[in-house]
Amino acid sequence: MKLFYNPASPFVRKVMVTAIECGLDDKIMVEPLALTPVSPSESLNADNPLGKIPALVLDNGDTLFDSRVICEYLNALGNGTLFPTDHTRWDNLRRQAMADGISDAGVVVRYETFVRPQDKQWDQWIDNQKQKFRRALAAMESEAAYYKDTVDIGMLSIAIALDYLDFRYADEAWREQYPVLADWHTAISTRDSLQQTRPADL
Ligand code: BEZ
């Protein structure tokens, strides 16, 4: 399988973490792409009309996207345990959605501030995006005492979203404000899948 990849993307990282958790990482070849909204890739567009990463080209030529679909596919392929089908399913998927929303707000602000010329940047819009992840951090602090040592796609996605905030918004200093979440994050971060996939610039 071929994964369109960038080591800074929290959504690509979800896929890599899932592949490692499910014992499938050696089945994935990565194609690194330095992608921004204004520097598209023709080869990616040919496989994913949305031009977004991650996109996973399967051995039969079909392409899967986005990260939620790819992660669930890999979990099924590797008989993983990241998408339980019991009563915990909806909380698990809600947490994945919350984490993806944090990552999404983080990535779009990164594009707005790093790629867009400074005189065209829209401060109120940037602030509204940051409020999304700040509200989500407060919401996670209020439930983090129940996260314990559960490992599913929701928990891994939260760890990845928090790491992306640390990577791009180190000045947010969320750990001081949210100590329960911070302790949980320290504990889950020892997992091999997270250790092996630290975010980095291409
Ligand atoms: C980043 O540089 O933060 C980034 C790169 C690719 C996808 C998402 C984020």
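Whatever order the structure lists ligands and atoms in, that order sets their numbers, starting from 1.
Those atoms of ligand 1 with a heavy atom of Tyr111 less than 4.0 angstrom away are 6 (C), 7 (C), 8 (C).
Ring centroid separation for the pair Tyr169 and Phe133 comes in under the 6.0 Å cut-off.
At under 3.5 Å, a nitrogen or oxygen of Tyr164, whether backbone or side chain, sits near a nitrogen or oxygen of ligand 1. Between Ser9 and ligand 1, not a single N/O pair is under 3.5 Å apart.
Under 4.0 angstrom from ligand 1, there are no non-hydrogen atoms of Tyr5.
Annotation: atom 4 (C) of ligand 1 to nearest protein heavy atom, Ala8 CB, 3.8 Å.
The shortest separation from a heavy atom of Phe11 to ligand 1 is not under 4.0 Å, leaving the residue out of contact.
In this structure, of Arg13, Arg168, Lys52, the residue bringing a heavy atom nearest to atom 1 (C) of ligand 1 is Arg168.
Heavy atoms from other residues, nucleotides or ligands lying under 6.0 Å from NZ of Lys52 number 12 at most.
Neither side chain, Ser189 nor Thr186, offers a donor N or O lying under 3.5 Å from an acceptor on the other.
Of the charged side-chain nitrogens involved, at least one lies within less than 4.0 Å of a carboxylate oxygen, so that Asp163 and Arg13 count as a salt-bridged pair.
Side chain of Glu31 to backbone of Tyr5: no donor-acceptor contact under 3.5 angstrom is found. Side chain of Thr190 to main chain of Ala187: a donor-acceptor pair is present (N/O by atom type, distance under 3.5 Å, no hydrogens or angles).
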